[in-house]
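First up is the structure itself, then whatever we jot down about it.
Counting begins at 1 with the first residue of the sequence. As the structure is a prediction and not an experimental result, all values here were calculated from the model.
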Amino acid sequence: QVQLVESGGGLVQAGGSLRLSCAASGPTFSYYAVGWFRQAPGKEREFVAAITWRGRSTYYADSVKGRFTISRDNAKNTVYLQMDSLKREDTAVYYCAARKGVVVTTSEYDFWGQGTQVTVSS
């Protein structure tokens with residue numbers, strides 16, 4: 001199975017930036033589409049961004065378009081989420097997830113990381 005580990009979360013002021021990383025095990029990770037999701041306390045998990053296995057196409061939720069950038073380095077088995085112009089409403093636990101096949105914006109992913117906390121102060 002694919003193992004995913006998120007890192008890079010922390011506390012940041014509104015308007016600041018963070019870069020999250022999702023490190024995966026195994027050489028076959030490069031053939032998986034990867035999505036980022038987030039969940040705030042008392043709220044449902046929501047889609048944030050996704051990237052195809054080659055990294056040629058990316059997808060973003062309307063709430064983060066223009067502020068977040070997803071990318072991947074398959075040689076390092078790592079997917080990144082660059083988060084700029086952070087807002088207080090971005091506060092959540094962020095999860096990366098992987099699946100074989102096309103990108104989806106629902107939670108139809110096969111493997112999930114443990115999550116990393118992002119807290120944005122105002």
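A single hydrophobic cluster is seen to contain both Val93 and Phe47, as judged by linkage of ILVMFWY side chains at heavy-atom distances under 4.5 Å, directly or through other members. Under a hydrophobic-cluster definition in which Ile, Leu, Val, Met, Phe, Trp and Tyr are linked whenever side-chain heavy atoms come within less than 4.5 Å, directly or via other members, Val12 and Val64 are assigned to the same cluster.
Applying the salt bridge (Lys or Arg N to Asp or Glu O under 4.0 Å) criterion to Arg19, with sequence neighbours excluded, gives no partner residue. The salt bridge (Lys or Arg N to Asp or Glu O under 4.0 Å) check on Glu46 picks up Arg38, with sequence neighbours excluded. The ring pair (Phe, Tyr, Trp, His ring centres under 6.0 Å) search around Tyr109 returns Phe37, not counting sequence neighbours. Every residue two or more places apart in sequence or in another chain that forms a side-chain contact (heavy atoms from CB on, under 4.5 Å) with Ala40 is listed here: Lys43, Ala92.
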Could you pull out all donor-acceptor pairs under 3.5 Å where a side-chain atom in residues 79-86 meets a protein atom, sequence neighbours excluded?
unit_1: Gln82; atom_1: NE2; unit_2: Asp84; atom_2: OD1; d: 2.9
unit_1: Asp84; atom_1: OD1; unit_2: Ser17; atom_2: OG; d: 2.7

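No more than 12 heavy atoms of other residues, nucleotides or ligands shown are found within 6.0 angstrom of CZ on Arg88.
In terms of heavy-atom proximity, Leu18 sits nearest to Gly8 at CD2-O, 3.9 Å. For Ser25 against Asn77, the heavy-atom pair with the smallest separation is C-ND2, 4.2 Å. Between Ala14 and Ser122, the shortest heavy-atom contact is CB-CA, 4.3 Å.
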request  = List the steps, then state whether salt bridge (Lys or Arg N to Asp or Glu O under 4.0 Å) holds for Lys87 with Asp90.
outcome  = CA-CA 5 Å; Lys87 304 174 181 179; Asp90 295 320; over 6 Å; no
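Glu6 contributes atom CD, which lies 12.0 Å from atom CD of Gln117 (distance to the nearest 0.5 angstrom). Note that the OH atom of Tyr59 and the CD1 atom of Ile70 stand 11.0 Å from one another [nearest 0.5 Å]. Atom CZ of Arg99 sits about 11.0 Å away from atom OG of Ser107, to the nearest 0.5 Å.
Taking the side chain as every heavy atom from C-beta outward, Arg72 and Trp53 approach each other to under 4.5 Å. Considering only heavy atoms from C-beta on, Trp36 stays 4.5 Å or farther from Phe68 through its side chain. At a threshold of 4.5 Å between non-hydrogen side-chain atoms, the residues Tyr60 and Thr69 count as touching. Thr116 places none of its side-chain heavy atoms less than 4.5 Å from the side chain of Ser7.
A disulfide (SG to SG under 2.5 Å) check over residues 42-72, counting only residues at least two apart or in different chains, returns nothing.
With hydrogens and angles ignored, the 3.5 Å screen pairs no side-chain donor or acceptor of Thr119 with any backbone N or O of Thr91.
Tyr95 and Trp112 have perpendicular rings, their planes meeting at more than 60° on a 0 to 90° scale where under 30° would count as parallel.
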